[in-house]
Amino acid sequence: MNRINKLFQEKKGQILSVYFTAGYPNLEDTVPVIEELVKNGVDLIEIGMPFSDPVADGPVIQHSSLIALQNGMSIRKLFEQLKDIRQTVDIPLILMGYINPVLQYGVKAFCQKCKEVGIDGLIIPDLPMDVFEEEFKAVFEANDLHNIFLITPQTSEERLRKIDEVSTGFIYMVSSNSTTGAKTSVSEFQKEYFERVNSLSLKNPRLIGFGISNAETFANACQYANGAIIGSAFVKAMEGSEPLGQKISGFINSIATDI
Amino acid sequence: MSYQVNEKGYYGEFGGAYIPEMMVPNIEELRRTYLEIINSYDFRQEFIGLLKNYVGRPSPLYLAKRLSEKYQSNIYLKREDLNHTGSHKINNTIGQILVAKKLGKHRIIAETGAGQHGLATATVCALMGLKCIVYMGAVDVERQAPNVKKMRMLGAEVIPAISGNQTLKDATNEAMRDWINNPVDTHYIIGSVVGPHPYPDMVARFQSVISEEIRWQLEEQTGKENPTRVIACVGGGSNAAGAFYHFLDQESVELIGVEAAGKGVDTHETAATLTLGSPGVLHSSRSILMQTDDGQVTEPYSISAGLDYPGIGPMHANLFTTHRAKYLWATDAEVLDSALELTQLEGIIPALESAHALAALKKIQLKPEEVTVINLSGRGDKDMETYLKHFGY
């Protein structure tokens, strides 16, 4: 069974997913970051594939992407780094990035490589649903990869139902219409949106992302979904000169003391 | 073969809408409504009225006698440089501001390279009393200072984009991020035939007035609607799209686009996308772009801020792939020569962008009986500092 499905079967709430940019702060930090996150009890990891033009990202992930690329990160390099990851890591791993580098690698070759190293799913925000269904779905399925779709407060009910139908792992519930790292609280408007989506009885579990940055916002989000995703706040916490393990445990402990 | 966009938003294999979910409501709204809006009687009346009485259209089609003598042929200049605000960009911004009003948007954002599109956007926002925010690469803010000042005087807020190479690509990224963060009240006036469907088609339709006029003006002056060829510069490709539009199905008319080669196509300092690029997705459409093996978009370079872009509109990628249009390139040095040539032969100082189209004259064989139309997309006021520095007047 795909590790994403297994996770949602075994754990119904308080799921903590963390995003980081591969090759940041240093090129060879990718695997150590994953291992430290696992050690600190994270349930799911989203490994960011840096792109030169990340239009859906705010300044923090733009910066980490730029540094990672300057460090020499590439998809080829990432697969090299991840080749033995399944010897030490059991939790679900997702690759997240933009469509163009995937297209250049070759969709089929990319998916096969994902399966080979043990990737469970992909989040490609600028891959439209119709293109996914026509050109990508078959090869994703052949390699046991879930495609994770985003929804926002502006997503219509009709589209929500369509996304739920096409989704297989979970739905990424973007907390507010924004780039990553932009908002930091849960407003009344968001609450209405979360409750509206919950009332639809969708078949897929949901994680809330964008604007989740600390224990309070994580706990808030967990009231309305199976868990939450932290991206920019974690990437920001990776700055500074302390040892990697210290930065990571410090941050994760500040989010969720009980996981 | 049709060279127009199909119902799914593609030109051949190029185009589409590779947008994050956060942009879906805005793009969907536009996709559903744009044709109905721009084909409506009221819209046509207002659009045509403003083009005539505010922009000053039709722009002249001028037989450049001394230039023609020099090249031993018949060369006509389509004088988009004489439009209000100094370039073809206003054709599109007039159209889009009317669409934005129809959609009930009251905040306008735009990206700009040379500042011509930013200026044209700031102008129509002043005209309609709408809030205007223009994203401009920090490098371009420096090298196109007069346009920045004009935009500010018109009431627009100019925000320098400080990511990447700090030019047009980065300004476009910032404008897209703004739109994601302001999903309800904002319309994004994209300045070229790039971006997700329906932008390339919508912008091409607004710019198509250029070739519509060329046809009747040419008939008036020569008795024939079709020239031998049409030449235009291409960055994203909006003035070329407008100049080619009504000739696309006239297969006898040769269409030539001229890209910015910067310091040369064999250097890394170039913006000759079709010459050097490969298929990929940038700014939400599938087209041809300059990129590394890993799919990272490379930083372009051109002396002309308006052509300093690593992508190109999907319409042009299709015209290139199907060989309907031919794409040449011109280096900074060639462009400066051609700008000076036009200035001294015809008394017209062209924009650096438009001088790329002029540079094609030295790259093709013209015959005495042929008729060549060059789209003079903009005037050179904004480039005076570059010209003065280079020519030392």
Side-chain angles (χ1 to χ4, degrees), chain A residues 49-59 62-63 65-66 68-69 72-78 97-106 110 123-132 134-135 149-156 159-160 163 171-174 176-180 182-183 210, chain B residues 8-10 13 15-29 111 161-165 169-186 195-197 277-287 289-299 310-311:
Chain A
M49 303 178 284
F51 180 50
S52 53
D53 295 84
V55 291
D57 285 301
Q62 285 174 47
H63 177 73
S65 301
L66 179 72
L69 290 173
M73 189 34 89
S74 67
I75 291 184
R76 270 176 198 82
K77 180 75 193 166
L78 179 60
Y98 292 81
I99 186 73
N100 195 52
V102 175
L103 290 174
Q104 300 319 308
Y105 194 92
F110 179 83
I123 305 175
I124 306 174
D126 58 348
L127 171 60
M129 191 161 40
D130 54 336
V131 176
F132 168 73
E134 279 170 35
E135 298 177 29
F149 288 96
L150 275 56
I151 62 171
T152 80
Q154 266 76 34
T155 307
S156 67
R159 196 173 159 84
L160 277 172
I163 288 171
I171 291 174
Y172 191 134
M173 212 162 145
V174 175
S176 62
N177 221 94
S178 69
T179 45
T180 54
K183 310 250 165 69
F210 285 41
Chain B
K8 293 178 85 179
Y10 283 83
E13 61 180 290
Y18 292 77
I19 48 173
E21 189 63 29
M22 293 79 91
M23 277 167 75
V24 167
N26 273 321
I27 294 295
E28 267 300 295
E29 178 182 41
E111 85 295 338
I162 53 168
S163 56
N165 234 23
K169 170 175 82 97
D170 314 293
T172 308
N173 290 342
E174 286 305 321
M176 287 188 160
R177 289 178 186 125
D178 180 307
W179 210 18
I180 287 171
N181 284 291
N182 295 281
V184 180
D185 62 341
T186 298
H197 176 68
S278 55
V281 173
L282 173 66
H283 295 144
S284 311
S285 70
R286 193 178 182 124
S287 188
L289 54 119
M290 301 201 301
Q291 58 188 326
T292 66
D293 291 347
D294 187 43
Q296 307 299 337
V297 183
T298 53
E299 299 292 353

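Naming convention: chains lettered A, B, ... in sequence-line order (proteins, then strands); numbering from 1 in each chain. These numbers were taken from a predicted model, which means no experiment stands behind them.
Of all heavy-atom pairs between Pro128(A) and Ala17(B), the closest is CG-O, 3.3 Å. Across Ser163(B) and Gln62(A), no two heavy atoms sit closer than the pair CB-OE1, 4.0 Å.
Distance alone, capped at 3.5 Å, places no donor-acceptor pair between the Gln104(A) side chain and the Gln296(B) backbone. Side-chain N or O atoms of Ser52(A) include one that pairs as donor or acceptor with a backbone N or O of Val297(B) at under 3.5 Å. Remark: the backbone N or O of Ser284(B) is not paired with any side-chain donor or acceptor of Asp126(A) at under 3.5 angstrom. Here the side chain of Asn100(A) pairs no donor or acceptor atom with the backbone of Leu282(B) at under 3.5 angstrom.
Using a 4.5 Å cut-off between heavy atoms, Phe51(A) touches chain B through backbone and side chain atoms alike. Of the atoms belonging to Ile163(A), it is side-chain heavy atoms, and not backbone ones, that fall under 4.5 Å from chain B. No part of Met49(A) comes within reach of chain B, as not one of its non-hydrogen atoms sits under 4.5 angstrom from that chain. Using a 4.5 Å cut-off between heavy atoms, Asp57(A) touches chain B through its backbone atoms (N, CA, C, O) alone. Contact of Ile99(A) with chain B is made through the side chain alone, with heavy-atom distances under 4.5 Å. Pro54(A) touches chain B through backbone and side chain together, each having a heavy atom under 4.5 Å away. The contact between Val131(A) and chain B is made entirely by side chain atoms (from C-beta outward), counting heavy-atom distances below 4.5 Å. Both the backbone and the side chain of Gln154(A) come within less than 4.5 Å of a heavy atom of chain B. When heavy atoms are compared at a cutoff of 4.5 Å, Leu66(A) does not approach chain B at all.
Applying the 6.0 Å contact sphere to CG of Asp130(A) captures more than 12 heavy atoms from other residues, nucleotides or ligands.
With rounding to the nearest 0.5 Å, the separation of CG in Asn173(B) from OG1 in Thr179(A) is 11.5 Å. Here the straight-line distance linking atom CD of Glu21(B) with atom CE of Met129(A) works out to 7.0 Å at 0.5 Å rounding.
Your options are His283(B), Met176(B), Glu28(B), Gln291(B), and the one with the most heavy-atom pairs under 4.5 Å with chain A is Gln291(B). The residue among Leu127(A), Leu69(A), Val174(A) with the most heavy atom pairs within less than 4.5 Å of chain B is Leu69(A).
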